[in-house]
Participant: 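A single structure is presented below for examination.
Every number for a ligand or one of its atoms is a count from 1 in the order of the listing. Just the heavy atoms: all of them, side chains too, but no hydrogens, waters or symmetry mates, feed the values below.
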Amino acid sequence: MAIKYIDQMDLEGKKVIARFDFNVPFDKKDTTKISDTTRIDRALPTIKYMLENGAKKIILCSHLGRPKGEMNMDFSLEPVAAYLAEMLGEEVTLTETATDSGIKSLLDGSKPKVILLQNLRFHKEETDCDREFAKKLASYGDVFVHDAFGTAHRKHASTYGIIEYFTEGNYCGGFLMKKENEALTTVVETPTKPYVAIVGGAKVADKIKILEALIVKVDHLLIGGAMAYPFLKAQGKDVGTSLCADEDVELAKKILSAGGAKINLPTDHIVSTEFNGAAENCSTVDIPEGKMGLDIGPNTIEAYKSRLAGAKTVLWNGPMGVFENDDFNKGTFSIAHALADLQGAFTLVGGGDSVAAVGKSGLADKMTHVSTGGGASLEFLEQGTLPGIQALKFGIN
Ligand code: ADP
Ligand code: MG
């Protein structure tokens, strides 16, 4: 069944309860200052649409951090309310809690129009997907809008359970949900060939399911980052002191036997004696004793670029090296440039650190889609869908 999205809804005179992912990071020094507003910014089109299309009340809700079911003002949504008010040019009233008795009068009065419920995870019922709590949240609105793609892999009260209390036609996805779902579905279900996937980052074990799913679909799988060493070790190469768990070597052997011919591994490296040490070029595939690989080398970059030439679909998850350090970011940034330069290709970047790396490269707007959901986009790539999306498609019984 097709998902109904917000632009197909009649919001005139309705109270709308809408779930977003406002789980933003804060500045380490000034802990009330949001350090990256991307997640809120990506929610604005849906909120503005509700404001411009006659909604009577707009009740926004989200979690923030992990307050573990207890009220803890370190995780207050107050800074989010202030930022939203500024961006919308509307007063945004933050409630004391998500189930506060004062909410009723806020809903009954003509003002305020925009209400933000305090952090949903102050209630352990949220993560427990408690039915009474879901029912309470549902009672605030005539219509439910799910735009929290970044939390759609969770079966929580506000991302999943709540749908039980709306009849079909009265719940829908927001614009961010639509964009994410369509982009990821394209890559998972109908990738135009040639299809190249680039996988890097830290651990094979965390991404084994994605690798297994990809290996049957892609034309080439390019492996970089710390992901590469278990594969190289599985082939009998020396990896020095690079990050390389024994269990990952076993998993890498499995993947190699499933799709060896499609797998591309680094042939040279940027190494160092320690994690923050001076960078050295290692032009051989074998890494000398006492050295660790921290980025892919120049020959590997060129080889990967030529694999990418002509690709029509590219999926990228996981940096090619320790991109946080300027000495080890060339592999990652070169791949970002190669993707940016591709003509007529569908390029999708997913994963928390990968998205940060593409942001740092300044090339994010050259990609077809940069997914906002770290864990959610990875789970989508593994499973082909998410619980929150299934609920929007089929409801909950
Ligand atoms: P994502 O969040 O995009 O899924 P991961 O969390 O799997 O990506 O991996 C990102 C992390 O992997 C980064 O912090 C990066 O520094 C680290 N990393 C990449 N290459 C290496 C390497 N060769 N050695 C150690 N860490 C690495
Ligand atoms: Mg990560």
Participant: What are the polar N/O contacts of ligand 1 with the protein below 3.5 Å, with distances?
Facilitator:
unit_1, atom_1, unit_2, atom_2, d
ligand 1, 2 (O), Gly352, N, 3.4
ligand 1, 2 (O), Asp353, N, 2.8
ligand 1, 2 (O), Asp353, OD2, 2.9
ligand 1, 3 (O), Asp353, N, 3.3
ligand 1, 3 (O), Ser354, N, 2.8
ligand 1, 3 (O), Ser354, OG, 2.4
ligand 1, 4 (O), Lys207, NZ, 3.1
ligand 1, 4 (O), Asn317, ND2, 3.1
ligand 1, 6 (O), Asp353, OD2, 2.9
ligand 1, 7 (O), Ala202, N, 3.3
ligand 1, 7 (O), Lys207, NZ, 2.7
ligand 1, 9 (O), Ala202, N, 3.3
ligand 1, 14 (O), Glu324, OE2, 2.6
ligand 1, 16 (O), Glu324, OE1, 2.7
ligand 1, 16 (O), Glu324, OE2, 3.3
ligand 1, 20 (N), Ala226, N, 3.3
ligand 1, 23 (N), Tyr229, OH, 3.3
ligand 1, 23 (N), Gly293, O, 3.1

Participant: Which pair of non-hydrogen atoms, one from Phe394 and one from Tyr171, has the smallest distance, and what is that distance?
Facilitator: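 Heavy atoms of Phe394 and Tyr171 come nearest at C-OH, 4.3 Å.
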Participant: Restricting to side-chain contact (heavy atoms from CB on, under 4.5 Å), what partner residues turn up for Lys254, sequence neighbours left out?
Facilitator: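 For Lys254, the residues satisfying side-chain contact (heavy atoms from CB on, under 4.5 Å) (neighbours in sequence not counted) are Glu212.
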Participant: Of Arg154, Arg121, Arg19, which meets salt bridge (Lys or Arg N to Asp or Glu O under 4.0 Å) against Glu126?
Facilitator: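 Of all the options given, the one that passes is Arg19.
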Participant: So, Lys291 and Glu280, do they make that salt bridge, N to O below 4.0 Å?
Facilitator: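 Salt bridge between Lys291 and Glu280, a charged N being under 4.0 Å from a carboxylate O: yes.
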Participant: Measuring from the Mg ion (ligand 2), count protein N/O/S atoms under 2.8 Å, please.
Facilitator: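 Number of qualifying protein atoms: 1.
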Participant: Any sub-3.5 Å donor-acceptor pair from Ser361's side-chain atoms to Phe333's backbone N or O?
Facilitator: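 Answer holds: no.
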Participant: Do any N or O atoms from the side chain of Lys237 and from the backbone of Ile287 form a donor-acceptor pair under 3.5 angstrom?
Facilitator: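 No; judged by distance alone, with no hydrogens or angles, the pair does not exist.
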Participant: In chain order, what residues pass the salt bridge (charged side-chain N to carboxylate O under 4.0 Å, His left out) check against Lys104, with sequence neighbours excluded?
Facilitator: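 Partners of Lys104 under the salt bridge (charged side-chain N to carboxylate O under 4.0 Å, His left out) test: Asp108.
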Participant: Is a side-chain donor-acceptor pair under 3.5 Å present for Asp286 with Thr284?
Facilitator: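 The answer is no; no qualifying pair exists.
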Participant: Using side chain to side chain contact (heavy atoms under 4.5 Å, CB included) as the criterion, point out the one residue from Ile270, Asn281, Thr300 that pairs with Asp295.
Facilitator: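 Going through Ile270, Asn281, Thr300 one by one, the side chain to side chain contact (heavy atoms under 4.5 Å, CB included) with Asp295 is satisfied by Ile270 alone.
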